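From a predicted model like this one, the values you see are computed outputs, not experimental measurements.
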Amino acid sequence: MNTTMENSEMMEHQMENEMPEMKTANLAGNMDTEVKSISKEEAIMGLIKNQIIDLQGNIDEANITFAKAYQNDKYSKATYEAEENCKMLNAQMSMLNRVVSAIEYMFSPMDSSSPMPV
């Protein structure tokens, strides 16, 4: 279970590794270094993976809320609502993971013998 601080550190580490290098200017204003550009595909994957990280935090909070509601009263309305929220968030996570798998498959070198992931 990742805490918010750990998620923040993971995102910062990801940004350091995936963000383009910035050009540096000397005193005369000349640009010394080349810019490494991020492809549209990498940007989309980064966006989706950030959404997955955020969603995982929401799932962790929803699981805690459900556990507390279940301990207080197993058959209360709050318990059922918390359970439904957990199911909905887990379904969203499943969809995002399927999207990531499909996109990674699309960008990988094609091999006629490998089927599309389900």
A.B. asks: Write down the atom of Ala82, the atom of Phe66, and the distance for their closest heavy-atom approach.
C.D. replies: CB-CA, 3.6 Å

A.B. asks: Would you say the side chain of Ile53 lies within less than 4.5 Å of the side chain of Lys49, judging by non-hydrogen atoms?
C.D. replies: no

A.B. asks: Which heavy atom in Ala62 sits nearest to a heavy atom in Cys86, and how many Å separate them?
C.D. replies: O-SG, 3.3 Å

A.B. asks: Quick one: does Leu89's side chain get under 4.5 Å of Gln92's, heavy atoms only?
C.D. replies: yes

A.B. asks: Step by step, would you call Val100 with Leu96 a side chain to side chain contact (heavy atoms under 4.5 Å, CB included)?
C.D. replies: CA-CA 6 Å; Val100 166; Leu96 282 176; 5.6 Å; no

A.B. asks: If you define the side chain from C-beta out and look only at heavy atoms, does anything of Thr79 sit under 4.5 Å from Glu83?
C.D. replies: no

A.B. asks: Kindly compute the distance separating CE (Met93) from CZ (Arg98), expressed to the nearest 0.5 Å.
C.D. replies: 15.0 Å

A.B. asks: Is any side-chain heavy atom of Thr65 closer than 4.5 Å to a side-chain heavy atom of Asn85?
C.D. replies: no

A.B. asks: Starting from Tyr70, can I reach Tyr80 by hopping between I/L/V/M/F/W/Y residues whose side chains sit under 4.5 Å apart?
C.D. replies: no

A.B. asks: Any side-chain donor paired with an acceptor under 3.5 Å for Asp60 and Gln56?
C.D. replies: yes

A.B. asks: Under 4.5 Å between side-chain heavy atoms, counting indirect links through other Ile/Leu/Val/Met/Phe/Trp/Tyr residues: same cluster for Ile59 and Val99 or not?
C.D. replies: yes

A.B. asks: Could you see if Met95 belongs to whatever hydrophobic cluster contains Met45? Use Ile, Leu, Val, Met, Phe, Trp, Tyr and a side-chain cutoff under 4.5 Å.
C.D. replies: no

A.B. asks: Are any side-chain N or O atoms of Ser94 and backbone N or O atoms of Asn90, one a donor and one an acceptor, separated by less than 3.5 Å?
C.D. replies: no

